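A short worksheet on the structure shown next.
Here is the naming used below: chain letters follow the sequence lines, and residue numbers restart at 1 for every chain. Quantities reported herein were computed from a predicted structural model and do not represent experimental measurements.
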Amino acid sequence: MARLDKLRRLREAGIDPWGGRFDDRSMISAVRERATEIKFRIADGTEIDLPEIGPDTDLRAWRTEQGPGEDIGPRVRVAGRVMLLRDKGKLVFVTLRDWTGDIQIFIGKNQVGEENFELTKLFDLGDLIGVDGRLGRTNTGELTVFAERLHFMTKMLEPAPDKHAGITDPELRQRMRYADLAFNDGVMKTFLDRTTIVRSIRQTLDRDGFCEVEGPTLHTVAGGAAARPFVTHHNTLDMQLYLRIALELHLKRLMVGGIERVYELGRVYRNEGVSPRHNPEFTMLEAYQAYGDYRSMMDLTERIVTDAIEAIGGGFQRRFGDVEIDFTPPFARQTYAELFQAATGIDPADEQRVTRLAAELAIPTAGKHPDVIRNEIFEEKVEDSLVGPIFVIDYPASICPLTKRKADNPAIAERFEMFICGMELANAYTELNDPELQETLFKTQLAGMAEDDSMAKMDHDFVRALRYAMPPAGGLGIGIDRLVMILTGQRSIRDVVLFPTLRPE
RNA sequence: GAGGGCGUAGCUCAGUCGGUAGAGCAAAGGACUUUUAAUCCUUUGGUCCUGGGUUCGAGUCCCAGCGCCCUCACCA
């Protein structure tokens, strides 16, 4: 009988196939925790605990040994999706799933009565049902709700995916995330973990006295990062607008205004290529702390990451692919120059040998600033191999134009990047707050931009804001999606973004 | 944007040298009161991504296109 026929049969039996309010149900995880309340009541009325349940448990034999008696378990009400259906004639087993877990339902014809039992004939994989029953264990020891009454909740009209493999086509999983969440193991957990991580980050920042704000996502000038923006248009104002590519410039304006610890955790949009580590829209945290510097932000980053790990559990030793990562604080801190020297055997200050190495690595050097060449070598020889977590500190100043230099060494910028498994997870600076220097650096940056990046413009208002005095500050950016990838063990950003950008069907 | 791989039943996948389109799950009918990816019997189910070409004959070989995945580039 097809699903639509069953729908009709439900209606004919006076049952609404789309269900309704269903009060007082317990979450399946909570029901599972009540397993210890199940007792075996023997003839004289005394109640004894069930034996330890193992893979070879034979409760039927154990019950026979105890003599005449019966299982007494708590009455529970659950609701969820029918994941597996095992029809044994006058007996039907259902594996029911809600968003907290799975539990088996036992539906015996003699136990629930003819009318309820007829309802099971109208069940399909994927339907939503409600069950009243008593918690107990089957002969094999499986924790089970022995149904006393069935409630039909909602009919699924589409065929269910393969009950073992689920949906494996990555495009379908992303396009039909609803089915992915409902039928593929572990997907729900990953996204609930994502929520837990984001909540934990807010808690860490709030506890440190940071103030969460919401900046504009529509910008008249898209600044704060070197990326191409999405362009849009406001009709009645008849003006071109850009979707933000970073949170930075508005948060700094707020620092000028006196919001001394400020952060935004929100979506930014970059009109660049897609890859397993890049989605056109992604979630960034940016935090700014007045009277701090990049070292303050390093401590904060470490707390944000370790708090998030504690929030989702599983300990500081974690796996990502086949790599073992140790998040036990403190995280390693090494200078850019040290790492360069260790990986290449060459002193980064040795101009000649750096140039020779660039040639060996087939890195074109013509017309490039030595620091740019150095950084290309660094990216190739160092970054990919950093398992981390590690803070790479003290970058060459010329590749960080918007960063304060070290007071005692103007060639070095007060910046760190945190790497885990070769991925850049965080980036922080001691922020530049000199408006005149900022303006000059903006101009040089714009002059160096390619023709197709011409939508980059000078943000005059931002420079004016700095003229009203922004306190010296540390600033931090964390790529939330990548952090979630690392902490949940997902290799693709599209497995931690609920609805990644896709071409239309 | 460049290179490589993939596209077959509702789902997961086989498909040999170019010779009648296959399996498991799902679906439909039946048996079974402690199963658990239940099992057993029966049945149904195809635009082989699209369009050309080679050939007596193409899921298979060739060309083009579309889509997805991976690597690289831009970027975080």
In residues 488-502 of chain A, what donor-acceptor pairs under 3.5 Å come from side-chain atoms, sequence neighbours left out?
{"unit_1": "A/Thr488", "atom_1": "OG1", "unit_2": "A/Val484", "atom_2": "O", "d": "2.6"}
{"unit_1": "A/Gln490", "atom_1": "NE2", "unit_2": "A/Thr190", "atom_2": "OG1", "d": "3.4"}
{"unit_1": "A/Ser492", "atom_1": "OG", "unit_2": "A/Arg494", "atom_2": "N", "d": "3.1"}

| said: Would you measure the distance from the C1' atom in B/U8 across to the matching atom in B/C48 and give it in whole Å? | reply: 4 Å
| task | Check whether any side-chain N or O of A/Thr138 sits under 4.0 Å from OP1 or OP2 of B/U35, and answer yes or no. | result | no
Between A/Ile420 and the options A/Glu424, A/Met418, A/Met423, the side chain to side chain contact (heavy atoms under 4.5 Å, CB included) test singles out A/Met418
For A/Gln111 and A/Arg134, test the side chains for any donor-to-acceptor distance below 3.5 angstrom and give the result as yes or no.
no
- request: Determine: side-chain N/O of A/Lys163 to OP1/OP2 of B/A27, distance under 4.0 Å, yes or no.
  value: no
*asked:* I'd like the C1' distance from B/A14 over to B/G24, given in whole Å.
replied: 11 Å
How far, in whole Å, is B/A9 from B/G3 if one measures between their P atoms?
-> 29 Å
Of B/C32, B/U34, B/U12, the nucleotide closest to the side chain of A/Asp87 is B/C32
Which part of the nucleic acid, if any, lies within reach of A/Gly273 when heavy atoms closer than 4.0 Å are counted: base, sugar-phosphate only, or nothing?
base
Q: Verify the contact: side-chain N or O of A/Lys88 to OP1 or OP2 of B/U39, cut-off strictly under 4.0 Å; return yes or no.
A: no
_Spacing of the C1' atoms in B/U34 and B/G29 (rounded, Å)_ = 26 Å
Query raised in the report: Is A/Glu158 touching bases, backbone alone, or none of the nucleic acid, heavy atoms closer than 4.0 Å?
Result: nothing
Just to be sure I understand the rule, does A/Phe282 reach a base, reach only the sugar-phosphate, or reach nothing, if contact means heavy atoms closer than 4.0 Å? base
Base, sugar-phosphate, or nothing: which does A/Gly166 touch, judged by heavy atoms less than 4.0 Å apart? sugar-phosphate
As its Watson-Crick or G-U partner within any shown strand, both distances under 3.5 Å, B/U71 has B/A2
Rounded distance in Å between the P positions of B/U71 and B/C61: 26 Å
Exercise for review: Identify whether a stacking contact exists between A/Phe93 and B/A38, where the ring centres must be under 5.5 Å apart and the planes under 30° apart.
Suggested key: no
Which part of the nucleic acid, if any, lies within contact of A/Asn279, taking any heavy atom under 4.0 Å across all strands shown: a base, the sugar-phosphate backbone alone, or nothing? base
Side-chain atoms of A/Phe106 come closest, of B/U34, B/C11, B/C32, to B/U34
Testing B/C69, B/A76, B/A38 for proximity to the side chain of A/Leu84, the answer is B/A38
Kindly say whether, by distance alone, the side chain of A/Glu142 makes a donor-acceptor pair under 3.5 Å with the base of B/U34?
no
Spacing of the C1' atoms in B/A38 and B/C6 (rounded, Å): 35 Å
- prompt: Considering only heavy atoms and no angle criterion, is a donor-acceptor pair shorter than 3.5 Å present between the side chain of A/Asp162 and the base of B/G10?
  reply: no
Practice task
May I ask you to say what A/Asp169 touches in the nucleic acid, namely base, sugar-phosphate or nothing, with a heavy-atom cut-off under 4.0 Å?
Solution key: sugar-phosphate
- prompt: Have A/Tyr395 and A/Asn375 got a donor and an acceptor in their side chains that come within less than 3.5 Å?
  reply: no
Quick note, A/Gln104 side chain, CB onward, closest among B/U35, B/A37, B/C74 is B/U35
Among the nucleotides B/A76, B/C70, B/C11, whichever has the atom closest to the side chain of A/Ile493 is B/A76
Q. If we take the P atom in both B/C62 and B/G1, what is their distance in whole Å?
A. 25 Å
When both distances are under 3.5 Å in a Watson-Crick or G-U wobble arrangement, the nucleotide paired with B/A9 is none
* Has A/Ser275 got a side-chain N or O lying under 4.0 Å from the OP1 or OP2 atom of B/U71? -> no
Query raised in the report: So does A/Arg97 pair up with A/Asp185, basic N to acidic O under 4.0 Å?
Result: yes
Query raised in the report: If you measure from the P atom in B/G30 to the same atom in B/C69, how many Å do you get, rounded?
Result: 44 Å
Using Watson-Crick geometry (N1-N3 plus N6-O4 or O6-N4) or G-U wobble (N1-O2, O6-N3), each under 3.5 Å, B/U44 is paired with none
Of the listed B/U71, B/C69, B/U35, the closest approach to the A/Arg277 side chain comes from B/U71
Just call it for A/Glu424: base, sugar-phosphate, or nothing, with non-hydrogen atoms closer than 4.0 Å on any strand.
sugar-phosphate
Ranking B/A38, B/U34, B/G67 by distance to the side chain of A/Glu171, first place goes to B/G67
| task | Establish, with yes or no, whether the OP1 or OP2 oxygen of B/C70 is under 4.0 angstrom from a side-chain nitrogen or oxygen of A/Arg494. | result | yes
